[in-house]
2 protein chains.
Amino acid sequence: MQRQVTLKDVALEAGVSYQTVSKVLNGHGQVSKETEERIRAVARQLGYRPHAIARNMRAQRSFMIGYSWVPTGPDQVNHILDQLLTSMVEEAEAAGYHLLPFTYRDGSAQVEDYRQLIDSGMVDGFVITSVNYDDPRILYLMKRGFPFVAFGRSNPEYDFSYVDVDGADGLRQVVEHLVSTGRQRIAILAWPEDSRVGNERLAGFLQAMAAAGLEPDPNWVLRGEGTFEFGCQAASRLLAMPAGRRPNAIVTLNDTQAIGAMRAAHDLGLTIGKDIAIIGFDDAPMAQYLFPPLSSVRQPIRAAGRKCVEILLHLMRGEKPAEDKVLLKPSLVVRASG
Amino acid sequence: MQRQVTLKDVALEAGVSYQTVSKVLNGHGQVSKETEERIRAVARQLGYRPHAIARNMRAQRSFMIGYSWVPTGPDQVNHILDQLLTSMVEEAEAAGYHLLPFTYRDGSAQVEDYRQLIDSGMVDGFVITSVNYDDPRILYLMKRGFPFVAFGRSNPEYDFSYVDVDGADGLRQVVEHLVSTGRQRIAILAWPEDSRVGNERLAGFLQAMAAAGLEPDPNWVLRGEGTFEFGCQAASRLLAMPAGRRPNAIVTLNDTQAIGAMRAAHDLGLTIGKDIAIIGFDDAPMAQYLFPPLSSVRQPIRAAGRKCVEILLHLMRGEKPAEDKVLLKPSLVVRASG
DNA sequence: TACTTTAAAGCGAACGTTCGCCCGAACGTT
DNA sequence: AACGTTCGGGCGAACGTTCGCTTTAAAGTA
């Protein structure tokens, strides 16, 4: 664990001042070809690596991007995290930045955590996820004018940079696919009204239904949590009716609901993909292994992560990004379930 | 985005030198009650937060822990990552440290990345995962004497700090459970021989079989990748024989294999949990939603993450941790599959 | 020859901390 | 009255950079 090689070490060896070494290695200043090459040779030989902290100290920047996420419960899985983190870290590193993960806390402590990271100079910007209406982080960061990008939208009247997946378009694709395969009796399992994401997806559904000339039965629009249990209960209710009067397709807003619905259909003796189509959202990796494999809407997570960081890099440099409100299209993955 | 409040700002306002402010806020030095309180009041009022980078600069430490992980493919999911990261970040933050995620690269670039982070002073230690025999990272870090903790074991002759889940014990629990429910014709789907983890788990299986007085049929120990496809194919072969001559239990080394095996059993018209018991490993969240729900071995991921960081904190402080080779017991979660 | 321009490299300063040494004043002791 | 001790706090230095100004010497121009 030998000591760090510094500019002074290189300078001593090369017989110049350490500032000159800095000039050479950064490409500034006037230095003769010979000394430049000598300095480079010595630096290489000694294995000089600039001390990141000293550099940040001098630059008055941390070159760090703060990120925290809502931890999932013990029996849940965040199948987004790996791809999102990997893509953000890659994009950040390519620009000389790093990602700084920090613990997620709720309530007033949350904004305090963001404040702490800003005031201690730990980060130059944030990527925030799991945003919803009236998100206190967004309000705080907007007020302070601190660079951040949200993965997800909030109140329409707020003006901030975001990247989001067009959930409405996803459900539009689902409806169009179902209609094109001759299914018109379509029910939907949605989320509670306080969910920005849920409302967006539901709106896309209703719009696509209208566009197809279908009037959705209000009793076939059920709101509840995005859980297996709700999916199972709601689908049981919907499918309890006789064949002619029940839906022949159930659309859900996430895969966990869809899996619950599959269980309900199975328990009622229905053949999924034939008697009833079921389509999920998220395309969780497990969807492909279900029986039958679940059709689902896949979100371009990696692209979203990259885009978030790309925009944030502009903001942190004080530039106005070319586009700072980005909507990415998801894609429907059709499998045997519908 | 106002400028950072520094010690000098507080000092000016309190009418003392900035070094005195530092003393007060760090609890060192002799300062009278009155000035101390005055300084504290001013600091609070001005919202002073120590500049982390300057502090690190002075301390010649980064208070960062490097961590990178193998990104999973597009249709896979890393159901460990969330819990592992969350627990490590929590443990690190409690000690004033942060986690620094960085991209995973294979081959010679990998050690170079570790080297770069060390030489640039970005990190004070590492947690490494996905270790296997002859892991070049372990060799490099051991040679440099740089603090690190591995989640997982490597060659037995290496001497380094690690935390691991006792996979052998997990399989022992599986065998004992199966035997206690009257199943003795047990097959196992294992991994290729170059997997340290796979060999450990298989060894536990064989040992438990022997302890139960059972001689495992060599043809019932199949090695292959931890994929759905291998699980399905291998199980098909095993279950193709007539009822009296085929296994009545299949143990796998991960859930994906188990799901493949479930599919094979299903396609052969067998009732899982009755005609054939199937038990997985990892207890992926989806296990509970399968049909029937999959029994599986659950690893104490959060405890492992916390323990890794705990040990690493000792190492980074130059202390010898009380225990630096930790083996955690997994637990079998019994569900309807066996 | 005297002066101006340019190239090459040195040097001081600063970023915000913390650490250790020093100094003055007040107090108590012989 | 002279001296030692303690308390309170100031001050210089350093961590490793980068930036910009200054200096020196050489080359070019009148």
Side-chain angles (χ1 to χ4, degrees), chain A residues 2-40 42-43 46-64 96 116-124, chain B residues 2-40 42-43 46-64 96 116-124:
Chain A
Q2 60 275 33
R3 217 179 56 76
Q4 152 106 5
V5 179
T6 73
L7 284 179
K8 288 185 182 162
D9 299 320
V10 179
L12 197 70
E13 189 72 15
V16 293
S17 77
Y18 66 92
Q19 294 97 331
T20 304
V21 179
S22 171
K23 282 180 188 158
V24 167
L25 266 30
N26 289 297
H28 302 320
Q30 328 238 52
V31 185
S32 71
K33 274 268 177 290
E34 304 99 65
T35 39
E36 163 155 5
E37 278 170 17
R38 179 157 38 93
I39 288 174
R40 287 199 188 282
V42 172
L46 260 49
Y48 170 76
R49 295 281 201 301
H51 189 81
I53 299 181
R55 174 175 275 183
N56 296 354
M57 172 85 186
R58 164 72 212 205
Q60 292 292 89
R61 317 236 225 110
S62 64
F63 295 97
M64 296 257 188
Q116 163 69 23
L117 285 170
I118 297 174
D119 287 346
S120 66
M122 278 293 295
V123 302
D124 296 340
Chain B
Q2 60 277 32
R3 216 179 58 75
Q4 152 104 8
V5 178
T6 73
L7 285 178
K8 289 186 182 161
D9 299 320
V10 178
L12 196 71
E13 189 73 14
V16 292
S17 76
Y18 66 92
Q19 293 97 331
T20 303
V21 179
S22 170
K23 282 179 189 160
V24 166
L25 266 29
N26 290 296
H28 302 320
Q30 329 237 54
V31 186
S32 71
K33 275 270 178 288
E34 306 98 65
T35 40
E36 163 155 6
E37 277 170 19
R38 180 157 39 93
I39 287 173
R40 287 199 188 282
V42 172
L46 260 50
Y48 170 76
R49 295 283 201 299
H51 189 80
I53 299 182
R55 175 175 275 183
N56 296 353
M57 171 86 185
R58 163 73 213 204
Q60 292 292 88
R61 316 237 225 113
S62 65
F63 295 97
M64 297 258 191
Q116 162 69 24
L117 286 170
I118 297 174
D119 287 348
S120 66
M122 278 294 294
V123 302
D124 296 339

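The analysis underlying the following values was restricted to heavy atoms, covering all of them including side chains, and did not include hydrogens, waters or symmetry mates. The chains referred to below are lettered A, B, ... by the order of the sequence lines, with proteins before strands, and numbering in each begins at 1.
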Does [X] put a side-chain nitrogen or oxygen below 4.0 Å from OP1 or OP2 of [N]?
| X | N | result |
| --- | --- | --- |
| B:Thr35 | D:dG9 | yes |
| A:Arg55 | D:dT18 | yes |
| B:Ser22 | C:dT18 | yes |
| A:Ser17 | C:dA9 | no |
| A:Gln60 | D:dT17 | no |
| B:Ser32 | D:dG9 | yes |

Report the distance from atom [atom1] of [X] to atom [atom2] of [N], rounded to the nearest whole Å.
| X | N | atom1 | atom2 | answer |
| --- | --- | --- | --- | --- |
| A:Met57 | D:dC19 | CE | P | 15 Å |
| B:Gln30 | C:dC19 | CD | P | 15 Å |
| B:Ile53 | D:dT18 | CD1 | P | 14 Å |
| B:Met122 | D:dT17 | CE | P | 14 Å |
| B:Phe63 | C:dT18 | CZ | C1' | 12 Å |
| B:Asn56 | D:dA14 | CG | P | 21 Å |
| B:Lys33 | D:dG8 | NZ | C1' | 13 Å |
| A:Asp9 | D:dC15 | CG | P | 11 Å |

Task: Angle of first-five versus last-five pair axes in the helix from C:dT1-D:dA30 to C:dT30-D:dA1, to 10 degrees - done: 70°
Task: Nearest-nucleotide 5' precedence on DNA chain D, B:Lys23 against A:Lys23 - done: B:Lys23
Open item on the list: Does B:Asn26 reach a base, just sugar-phosphate, or nothing at all? Heavy atoms under 4.0 Å.
Closed with: sugar-phosphate
Could you measure the distance from the [atom1] atom of [X] to the [atom2] atom of [Y]? Nearest 0.5 Å is fine.
| X | Y | atom1 | atom2 | value |
| --- | --- | --- | --- | --- |
| B:His51 | B:Leu7 | NE2 | CG | 11.5 Å |
| B:Ile39 | B:Tyr48 | CD1 | OH | 11.5 Å |
| A:Leu117 | A:Met122 | CG | CE | 6.5 Å |
| A:Gln4 | B:Gln60 | CD | CD | 8.0 Å |

Under 3.5 Å, which protein N or O atoms sit close to an N or O of nucleotides 22-25 of chain C? Give each pair with its distance.
none

Task: Residue pairs involving residues 16-38 of chain A (criterion salt bridge (Lys or Arg N to Asp or Glu O under 4.0 Å); sequence neighbours excluded) - done: A:Glu36-A:Arg40
Task: Polar pair under 3.5 Å, donor/acceptor by atom type, side chain B:Gln19, base D:dG12 - done: yes
Open item on the list: So, under a plain 3.5 Å distance rule, would you say the side chain of B:Arg58 forms a donor-acceptor pair with the base of C:dT17?
Closed with: no
TODO: Output, in order, the C-alpha distance, side-chain angles, deciding distance and verdict of side chain to side chain donor-acceptor pair (under 3.5 Å) for A:Ser62 and A:Asp124.
DONE: CA-CA 6 Å; A:Ser62 64; A:Asp124 296 340; 3.1 Å; yes
TODO: Using the side chain to side chain contact (heavy atoms under 4.5 Å, CB included) rule, take A:Val10 and A:Val5 through it: C-alpha gap first, then chi angles, then the decisive distance, then the call.
DONE: CA-CA 8 Å; A:Val10 179; A:Val5 179; 4.3 Å; yes
Closest heavy-atom pair and its distance - [X], [Y]:
| X | Y | value |
| --- | --- | --- |
| B:Glu13 | B:Leu46 | CB-CD2, 4.4 Å |
| A:Gly96 | A:Phe63 | O-CB, 3.7 Å |
| B:Ile53 | A:Gly121 | CD1-O, 3.7 Å |

- [ ] Would you kindly compare A:Tyr18 and A:Val31 by the position of their nearest DNA chain C nucleotide and give the one closer to the 5′ end?
- [x] A:Val31
